[in-house]
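One structure below.
The chains referred to below are lettered A, B, ... by the order of the sequence lines, with proteins before strands, and numbering in each begins at 1. Since the model is a prediction, treat every value here as computed from it, not as a measurement.
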Amino acid sequence: MDPLLELLHQNSKLSSAELGKLLNLSAAQVEAKIASYEEAGVILAYQAVIDAERTDPDAVTAYIEVRITPERGGGFDRLAERIARFDEVKSCWLMSGGYDLAIIVEGNHLREIARFVSDKLSTVEGVISTATRFRLKTYKQNGVLLTPPVAIDRLPVTP
Amino acid sequence: MVVCRSSMQNLWPSRQAASDPQRFIADHVLDIPKSGIRDFFEVVQTMTDVISLGIGEPDFVTPWRIREAAIFAMEKGKTGYTSNLGLPRLRSAIIQYLSSRFDVFYDAHREVLVSVGVSEALDLALRAILNPGDEVIFHEPSYVSYNPSITLAGGRAISVQTEAQHDFRLLPHTLEAKITPRTKALLLSFPTNPTGGIMTGEDLQPIADLCIQHDLLVLSDEIYSELVYNGTKHVSIASLPGMKERTVLLNGCSKSFAMTGFRVGYACAPAAIIEAMMKIHQYAIMCASVLSQEAAIEALEHCSKEVAAMRSDYERRRNFIVTRFNEMGLSCHSPKGAFYVFPYVGSTGLTSKQFSFGLLESQKVAVVPGDAFGGSGEGFVRCCFATSFEKLREATDRIEAFLRSRPAGTPIAPSSPVAPTTN
C-alpha cells in the first residue's frame, strides 16, 4: 500500500504538511495525491474510531448471517447491495462457507434490531434465512485495542 | 594486615579518607570517568512531564508473537540452564538469519555464542583478545561503552574522529593515521549510535584492506543492522573477501526486534575466538536466560514482517524530525541508519550541555548532549526518533519555541559544519 494511505489509515487527522514531512513530499504533492485517491474512490471516507460502549452503553450491535438466493446474471450483488442500503446495516460482506452474507447491524436496543430483522431483512425477496448474534463486548475495533496497553515506564535517558 | 600498593600511596590522601569505602575499589575502575549521560539522567529523573528524545531503545513493545513464545516456553517449564554457547536451535536460527539477511556464513556448532545482550559479547571479545597495553581503535562519536570497555579489558582505547561533513563515515586515511605496532583490533559500529552513520560496501573495502595489511582483528557491532533506510541494505564487513577470519561479528535482538529488556546478543567469529570468549562467558555468566533465548528463536525465524513495519515507521519519523530541525535552523544531516538524529546546535552559540540543560529547563524536552559520545560530539545533541509521532511533533515544536525564546543578540549563526541534506 502507498505509505501515504497507510499513514492516513492509522491517523487521518495528520495535516498535509505533516504527512509531507513524514514522506519527504511537499504539502501540495500530498494534497494532490489525496485528491486523486478520493476521486478514484480509493479513499471512501474519513471516520473516527469511537468506543460506543462509552457513548451509548445501551446500544446493541448484531452480527447477522444471511442466506440468500443468487440470481442469474448478477449473482449475489443486487440483493447484497439492496440489503446494504439500509441505514441500520453498517457493514456487509459476501462470505464463503455455510451462509452468504455477513452483516453488522447497529440499533439503540434489542427490539430495534429484532424489528429490522423481522420486518425488513427477512422479508426481502430472495432472503432464505437469517441467524442473529449479539455482540457482548468489544476488545478491538478497526485495529485499535479498547483497553490500551499499560504505559510502560521507560528510563528517560539511556545510552 | 594492610597491603599498600605504590599507586595507592600516591593517591593518598586526596582520593581516599581512612574510612572511605572507595579505598577498596581498584585503581583502574576509579579511573573510569562517570558516563556523561548519568548527570543528565539524574536531572531528568527529578522532573515530570518531560518529553524524552534521550532514550536509546525502540518505543515499540516487543511484537506479541515474540512475547508469546517466551510465555509458552515458561508454561512448558523450559526454565533450566542452556548450553554455554546458547540453545542449539537458537544458534541455528542465528546462522540462518545472518546468511539470508547479510550474506555471512557461520557454523552453528563452533562459531556462534549467545550472550546477555551485545554488551556482554563485546566485553567477552575484548577480554578474550587483549593483552595489557594492546590498542583498540574505535570511531567517535560513539556509543558510550566502547572506550571504558576497552580500558576495563586492559587495552588502550584509541579514538578516531568521524565528521558530519562525511556523513559520519570512517575514512581510511584517518584510521591509518592511528594504527601503530600495538594496534590489535578495530572496533566498528555501523549503523552508529549516536550519529546514524552507515558504511556501504565501497566504504568498507578500504577499511578491510587496512585491517588485512596491518593484521588487525575487527570487532563489528552491528546491532542496528536492521535499521537502515532509503531502501538500502546493511553490509557486514565480515562478508567482504578475507574478512570473516578476522572479524568478530556482534549482533543481537534488542534494536531489530524491540527486545531490549530480553538481553539477547550473539557473537560470530572463528572457532578459536569463540572458544576463548566462551571460557570467560561460562565462568562469569554461564548462559543467557533460556526464556529470552526461546523468544529470540521466534524473533529470528518469524518476525521479518514486524521488523519491516517498524523500519518503515522509523524512516517516516526520521524524515519528519530531520525536516523540522533544518526548518528551524538547526542543521541536521539525515541519518541513513539507527534511530537517532544528531543535529548541530553549536550555531546557537551554546555548548551541547548548555543547549540540553537549557532546553530541558525551559521546555521540558530531553535530548542527550553530544559530548557524552566523545569529544567530537561537542556542538551536537542526540535525539532519538524511536518515539511516537505525536511526541516528536510536540518535542520539535517545543525545541523551536526554545530557539525563538533565546534573548536577542544570540541569533543562529548561518555557518555550520553540516550542509543540510535531503533524506
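- Counting heavy-atom pairs closer than 4.5 Å to chain A, the top-ranked of the candidates B:E315, B:M47, B:Q45, B:E57 is B:E57.
- Rounded to the nearest 0.5 angstrom, B:R324 CZ and A:E18 CD are separated by 9.0 Å.
- Of all the listed residues (B:D59, B:V50, B:L392), the one sharing the greatest number of non-hydrogen pairs under 4.5 Å with chain A is B:D59.
- A distance of 12.0 Å separates CZ of B:F320 from CG of A:N24, quoted to the nearest 0.5 Å.
- Contacts between A:L19 and chain B at a heavy-atom distance below 4.5 Å are absent for every atom of the residue.
- In this structure, the portion of A:E6 lying under 4.5 Å from any heavy atom of chain B is its side chain and not its backbone.
- Remark: A:D87 CG is loosely packed, at most 12 non-hydrogen atoms of other residues, nucleotides or ligands lying under 6.0 Å away.
- Around atom NZ of A:K33, more than 12 heavy atoms belonging to other residues, nucleotides or ligands sit under 6.0 Å away.
- Heavy atoms of B:R38 lying under 4.5 Å from chain A are absent altogether.
- Applying the 6.0 Å contact sphere to NZ of B:K364 captures more than 12 heavy atoms from other residues, nucleotides or ligands.
- Residue B:E390 places its CD atom among more than 12 non-hydrogen atoms of other residues, nucleotides or ligands, all under 6.0 Å distant.
- Scanning both residues, B:I37 and A:P159, for their nearest heavy atoms gives CD1-CA, 3.6 Å.
- Annotation: B:K34, atom NZ; neighbour count of heavy atoms from other residues, nucleotides and ligands within 6.0 Å is above 12.
- Between the CZ atom of B:R316 and the CG atom of A:L4 there is a distance of 9.5 Å, given to the nearest 0.5 Å.
- The environment of OH in A:Y139 is sparse: at most 12 heavy-atom neighbours from other residues, nucleotides or ligands sit within 6.0 Å.
- Ranked by heavy-atom pairs under 4.5 Å with chain B, the list A:L22, A:L23, A:L155 is led by A:L22.
- When all heavy atoms of B:V44 and A:P156 are compared, the pair lying nearest together is CG1-CB, 3.5 Å.
- Around the CZ atom of A:R67, the shell of radius 6.0 Å holds no more than 12 heavy atoms that belong to other residues, nucleotides or ligands.
- Interface summary for chain A: among B:F40, B:F389, B:Y143, the most heavy-atom pairs under 4.5 angstrom belong to B:F389.
- Contact annotation: the side chain of A:K21 never approaches that of B:N319 to less than 4.5 Å [non-hydrogen atoms, C-beta and beyond].
- Using a 4.5 Å cut-off between heavy atoms, B:E42 does not touch chain A at all.
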